[in-house]
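Contents: one structure, followed by commentary.
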Amino acid sequence: LKPDYYFAHEALGVLRMRDGRWALSRDAFLEAYRRAPGHANYALLAALAWMKAGKPADAKPFLARTLTAVPRDTVEWFMLRLYHDQSGDTDIAGRVDREKNADTRSRMLYYLAQYYDLRGAAALADKYHLQVRDMNRRGILEWRLNEWALAARTAKE
């Protein structure tokens, strides 16, 4: 009904991510990013869904284009670069630690946790997931996703 209402695509992406429908989640976040290109977290969520679907190489062209649209001096740019290159995690971890904006820092901690989870580094993933939880930034989308990730990790134990 409202084509410019990108939040509907955000919600669809989140619900599909919750259900593990990675391709549909990716498509929803790609559409949200297309409608709101100032929100780099939608690009990161789309890339994350690609990676969870087991197709990280398929995300590279999208991430390469996205990197040109995001200001290079932001922590978001460096996180996108990490997801693109699949290396450089030590540098981004330091940048996230120095981030002054609490919402941005919490978001980036979530993406770092997910990166380590995908790489099989469970201890590092746990560390960053717990930091997101402890920051208690309930107003950001990634907080809810982080809660679900923590619940899933606890259920596996």
Side-chain angles (χ1 to χ4, degrees), residues 5-36 38-59 62-63 66 74-76 78-157:
Y5 191 74
Y6 61 88
F7 295 108
H9 299 285
E10 174 187 297
L12 285 172
V14 168
L15 291 172
R16 291 169 177 164
M17 190 173 267
R18 170 88 169 157
D19 295 340
R21 294 183 288 168
W22 306 119
L24 293 172
S25 178
R26 176 205 62 219
D27 293 346
F29 286 123
L30 285 172
E31 186 60 25
Y33 181 69
R34 187 182 73 74
R35 293 170 186 264
H39 295 273
N41 62 322
Y42 293 149
L44 283 162
L45 288 165
L48 180 58
W50 249 310
M51 292 174 192
K52 286 187 174 276
K55 300 181 180 197
D58 291 353
F62 167 71
L63 288 167
T66 304
T74 63
V75 70
E76 290 90 346
F78 286 95
M79 188 62 71
L80 287 161
R81 184 68 183 251
L82 173 66
Y83 273 50
H84 178 272
D85 295 349
Q86 293 292 297
S87 66
D89 51 305
T90 305
D91 176 60
I92 188 64
R95 289 178 188 279
V96 171
D97 282 342
R98 292 186 301 273
E99 176 60 43
K100 302 271 188 264
N101 182 293
D103 285 347
T104 301
R105 182 166 187 251
S106 186
R107 278 188 181 101
M108 296 304 113
L109 286 168
Y110 170 76
Y111 295 116
L112 201 51
Q114 288 296 298
Y115 171 81
Y116 283 123
D117 192 46
L118 288 165
R119 306 284 290 186
L124 282 170
D126 288 343
K127 171 186 169 181
Y128 291 116
H129 278 302
L130 292 172
Q131 284 183 19
V132 174
R133 184 199 62 198
D134 293 346
M135 288 186 71
N136 201 30
R137 307 302 295 179
R138 294 175 183 251
I140 63 170
L141 166 66
E142 291 80 1
W143 185 84
R144 171 68 56 204
L145 295 172
N146 190 70
E147 289 297 298
W148 292 342
L150 281 171
R153 295 176 93 65
T154 303
K156 288 180 185 177
E157 293 176 356

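It should be emphasised that the depicted structure is a prediction, and the values quoted were computed from it without experimental measurement.
Interatomic distance, OG1 of T66 versus OH of Y33, reported as 4.5 Å (0.5 Å rounding). Atom CG of L48 sits about 6.0 Å away from atom CG of L118, to the nearest 0.5 Å. Separating the CE atom in M108 from the CD1 atom in I92 is a distance of 7.5 Å, to the nearest 0.5 Å. The distance from atom CG of L15 to atom CD of E10, rounded to the nearest 0.5 Å, is 10.5 Å. Atoms CE and OG, on M135 and S106 in that order, are 5.0 Å from each other to the nearest 0.5 Å. Between the CZ atom of R81 and the CG atom of L63 there is a distance of 11.0 Å, given to the nearest 0.5 Å.
For the residue pair L82 and D89, the shortest heavy atom distance occurs at CD1-N, 3.7 Å. Contact record, F29 with M17: CE1-CE, 4.0 Å, taken as the closest heavy-atom pair. Here the closest non-hydrogen pair linking A113 and A125 is O-CB, 3.4 Å. Shown here for E76 and A40, the closest heavy-atom pair between the two residues is CB-CB, 4.0 Å. Shown here for E99 and N101, the closest heavy-atom pair between the two residues is OE2-N, 3.1 Å. Taking both residues in full, the closest heavy atoms of S25 and G13 are given as OG-O, 3.0 Å, listed atom of the first, atom of the second, then distance.
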field: side-chain contact (heavy atoms from CB on, under 4.5 Å) between Y128 and L124, worked out
entry: CA-CA 6 Å; Y128 291 116; L124 282 170; 4.3 Å; yes
- request: Verify salt bridge (charged side-chain N to carboxylate O under 4.0 Å, His left out) between E147 and R144, making sure each step is shown before the conclusion.
  value: CA-CA 5 Å; E147 289 297 298; R144 171 68 56 204; over 6 Å; no
field: Step-by-step side-chain contact (heavy atoms from CB on, under 4.5 Å) determination, W148 to V14
entry: CA-CA 11 Å; W148 292 342; V14 168; 3.5 Å; yes
Pair R105-V75, side-chain contact (heavy atoms from CB on, under 4.5 Å): steps then yes or no: CA-CA 9 Å; R105 182 166 187 251; V75 70; over 6 Å; no
- request: List the steps, then state whether salt bridge (charged side-chain N to carboxylate O under 4.0 Å, His left out) holds for D117 with R153.
  value: CA-CA 10 Å; D117 192 46; R153 295 176 93 65; 2.8 Å; yes
- request: Show your reasoning for whether side-chain contact (heavy atoms from CB on, under 4.5 Å) applies to Y110 and H129.
  value: CA-CA 6 Å; Y110 170 76; H129 278 302; 4.1 Å; yes
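Side chains of R133 and N146 form a contact here, defined as non-hydrogen atoms less than 4.5 Å apart. Contact annotation: the side chain of R95 never approaches that of M79 to less than 4.5 Å [non-hydrogen atoms, C-beta and beyond]. Under the 4.5 Å side-chain criterion, counting only non-hydrogen atoms from C-beta, W143 is not in contact with R107.
In this structure, R26 contributes its side chain and A46 its backbone to no donor-acceptor pair below 3.5 Å. In terms of modelled atom types and a separation under 3.5 Å, the side chain of Y83 and the main chain of Y111 share a donor-acceptor contact. The backbone N or O of L150 sits less than 3.5 Å from a side-chain atom of T154, completing a donor-acceptor pair. Side-chain N or O atoms of Y115 include one that pairs as donor or acceptor with a backbone N or O of Q86 at under 3.5 Å.
A centroid separation of less than 6.0 Å is found between the aromatic rings of Y6 and H39.
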